[in-house]
Amino acid sequence: LPISAVLRRQETSDAVLVGHSLPHSIYDVLYAFAKRIKGVFDRLEARPHTALMLVWGRKLAVVGVFYMIAYTLLTTSMLPGGNFFALFFLYVCAMVAGEIATLINVPPLCFMLLVGVAFAQFSPLTGGLSSAWSKALRAYAYSIIFLRAGFGIDLRQVLKHGPTIITILSVIAPLIESVIAGAIAYALFDFSYLWGLLIGFVLSDVSPAVTVPILLDFTKRRLGTAEGLPSVLLLSGTINAVMSITAFYFILNILPEFTTGSIGLAAARIILELLCGFGVGAVVAVLIGVFFHSRDAFEQTVYILSSSLALIFASNYIGYPGGGTLAVLTSGALIGPMVPKTRHDVEQKLKFLWIWTGQPFLFSLVGALLSFSLMHPGAIWKGIIIIGVGLVARTASVVGMMRMVKSRFQVNDIKFISLAWCAKATVQATLAPVAYSIATSSNFSSEAIDNSVDVLTIGLLSIIITAPPVSWAMQRQGPLWLRVEEEVKIEVPVIEDGVDVHLGDVLGSESLV
């Protein structure tokens with residue numbers, strides 16, 4: 001019997017429910033029972049602690065139902081040791097950890113990352129986790145975060161600063177960090193400078209997964225938007241990711257152990273990757289804006305997200321991952337102005353997908369890559385030194401050059417940029433395992449495998465060291481350092497029947513135009 005029907009007591013002698021007549025006495029019993037149960041739950045929900053327990057109880061019940069459905073479809077793969085059981089267990093734990101982190105005002109990614117690290121140390125749980133599924137889910141999360149970055153870029157604000165600031169943040173500062181970190185790695189480890197430079201380019205990226213959600217939130221709260229700071233950082237961060245990825249594969253291709261051709265061919269590959277990435281992204285944006293334009297936000301989101309996933313997976317498949325990243329960023333930045341009516345709703349749906357799928361999968365799976373059994377004990381303290389010196393060099397170059405060129409950013413803006421430019425996560429999780437997976441799958445020498453393990457260790461260590469504290473510091477210091485843009489108050493006198501009427505007490509300057 002539907003509980004809503006039972007609670008709606010009829011005045012007639014018989015209650016007709018689902019086509020059957022029930023005696024009035026039976027109906028009274030059901031009504032009294034339902035009312036008493038509802039009263040118990042109402043009293044429990046009135047108390048904060050028991051209300052929280054009820055909320056968690058409902059969520060666990062939903063998890064149990066979904067597990068039962070998945071088990072009926074996937075059977076043994078949903079048992080301990082199976083791939084989907086590992087993914088399901090990791091996702092649920094990451095979401096629970098994120099909820100706990102939110103309750104104590106800690107960025108959810110911190111606890112999600114720790115869940116992944118703890119998960120990686122227990123082989124009964126990780127034994128069935130497929131590396132192909134892990135890589136695919138991380139690529140899915142990358143497509144969402146780079147697409148959100150593209151949608152959040154205001155090209156008009158970026159153009160006000162010119163190419164100098166973008167070049168400093170996206171190319172010069174990362175190159176300085178890469179060269180200095182590579183030199184320190186060469187001095188501390190017993191391998192060639194090319195291996196050190198490989199480590200440098202793994203560390204040279206700023207993580208979009210950490211910075212993009214915070215910058216988009218600041219844009220909504222109008223923090224730093226007067227100077228265009230969020231848009232500048234969104235664009236610079238993604239270009240930085242493309243530069244780091246392409247430079248990493250360039251160094252990998254000229255390493256003696258991994259070489260596949262001459263230096264000239266490797267350089268030509270980089271140019272081709274960048275040109276194709278920008279061109280394909282622009283073509284995809286035009287196709288979606290013209291031929292796949294929809295007034296329904298859900299349908300528009302499906303078109304945009306499916307195209308981004310196709311770009312990311314296709315570029316990874318053909319061996320041009322940097323081009324796919326650039327294509328997604330380009331398409332996101334150009335699609336936004338083409339779909340003005342659904343842009344806000346599409347952004348909200350992408351945010352929903354990131355919070356409920358992209359973020360927990362990305363950070364928990366990144367943490368699951370960090371297996372302590374693979375690490376060389378001496379590589380940890382050496383890695384901390386390399387990461388620390390690289391961050392100091394990066395910060396000094398950002399502060400020094402931005403003060404030198406006399407940018408529009410104030411001192412507090414530059415402090416926030418320096419802080420945000422220390423986050424590591426997204427590209428480090430992508431690039432750190434590459435050399436190791438190639439070396440172990442192709443029967444390379446033990447020296448090459450040991451070197452690739454050191455690259456893996458330092459790359460993942462940089463995520464643990466930087467992502468949680470930088471995310472927390474950005475959310476805490478951003479509102480203190482960045483200026484809130486105020487809407488301009490304009491009084492517009494209009495003569496109507498000889499009486500002055502002032503229109504628009506509060507109108508933004510752009511709205512007036």
Side-chain angles (χ1 to χ4, degrees), residues 52-103 106-142 144 209 309 313 316 353-375 425-426 428-430 432-434 436-437 440-441 449 453 456-457 459-461 463-464 467-468:
L52 183 63
M53 292 175 62
L54 284 175
V55 170
W56 281 99
R58 293 189 187 104
K59 292 182 178 180
L60 290 176
V62 172
V63 169
V65 170
F66 273 105
Y67 179 81
M68 291 173 61
I69 295 171
Y71 177 76
T72 59
L73 296 173
L74 304 170
T75 60
T76 56
S77 186
M78 285 299 295
L79 294 176
N83 174 50
F84 289 104
F85 174 83
L87 290 173
F88 183 84
F89 183 81
L90 187 60
Y91 173 78
V92 171
C93 290
M95 290 299 296
V96 171
E99 290 281 348
I100 295 173
T102 303
L103 291 175
V106 174
L109 68 87
C110 302
F111 282 18
M112 292 176 180
L113 198 62
L114 293 177
V115 164
V117 173
F119 183 85
Q121 314 315 315
F122 298 97
S123 56
L125 296 177
T126 59
L129 183 60
S130 167
S131 59
W133 272 90
S134 174
K135 186 177 180 180
L137 288 171
R138 284 186 278 124
Y140 159 76
Y142 299 153
I144 294 178
L309 289 172
F313 283 108
N316 288 338
L353 288 173
W354 170 252
I355 292 174
W356 285 94
T357 58
Q359 181 175 242
F361 273 126
L362 176 61
F363 288 104
S364 60
L365 289 172
V366 165
L369 294 173
L370 188 62
S371 177
F372 294 141
S373 61
L374 288 177
M375 290 185 175
T426 314
Q428 286 73 26
T430 304
V434 170
Y436 176 74
S437 61
T440 53
S441 62
I449 293 176
V453 168
L456 174 64
T457 299
L460 299 181
L461 193 63
I463 302 172
I464 302 295

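Residues: numbered from 1 along the sequence shown.
- Considering every non-hydrogen atom in both A120 and G367, the closest pair reads CB-O, 4.1 Å.
- Taking every heavy atom of both residues into account, W354 and A141 meet most closely at CZ3-O, 3.9 Å.
- Put simply, CG on L109 and CG on L362 are 9.0 Å apart, with the number rounded to the nearest 0.5 Å.
- Here OH of Y71 is found 8.0 Å from OG1 of T76. Values are rounded to the nearest 0.5 Å.
- Listed here is the closest heavy atom pair of T430 and Y142: OG1-OH, 2.8 Å.
- Not a single donor-acceptor pair under 3.5 Å links the side chain of S134 to the backbone N or O of L365.
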When you look at Y140 and L353, which way does the side chain to side chain contact (heavy atoms under 4.5 Å, CB included) test go after all the steps? CA-CA 10 Å; Y140 159 76; L353 288 173; 4.0 Å; yes
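- Pairs of residues two or more places apart, or lying in two chains, that qualify as salt bridge (Lys or Arg N to Asp or Glu O under 4.0 Å) and include a residue from residues 57-77 are E45-R58, K59-E99.
- Taking CG of L369 as the reference point, atom CG of L460 lies at 5.5 Å (rounded to 0.5 Å).
- In terms of heavy atoms, M95 sits closest to P360 at SD-CG, 3.6 Å.
- Each salt bridge (Lys or Arg N to Asp or Glu O under 4.0 Å) pair with one or both residues in residues 64-76, not counting sequence neighbours, would appear here, but there are none.
- The two residues A101 and P107 make their nearest non-hydrogen contact at CB-O, 4.0 Å.
- Note that CZ of F313 and NZ of K135 are 10.0 Å apart. Values are rounded to the nearest 0.5 Å.
- Shortest non-hydrogen contact noted between Q359 and P108 is NE2-CB, 4.1 Å.
- The structure places OG of S437 at 9.5 Å from CG of L456, a figure rounded to the nearest 0.5 Å.
- Below 30°, between 30° and 60°, or above 60°: for F88 and Y67 the angle between ring planes is between 30° and 60°, a tilted geometry.
- In terms of the side-chain contact (heavy atoms from CB on, under 4.5 Å) criterion, residue partners of W133 (sequence neighbours excluded) are, by chain and number, N83, F84, L87, S130.
- Rounded to the nearest 0.5 angstrom, I69 CD1 and L74 CG are separated by 11.5 Å.
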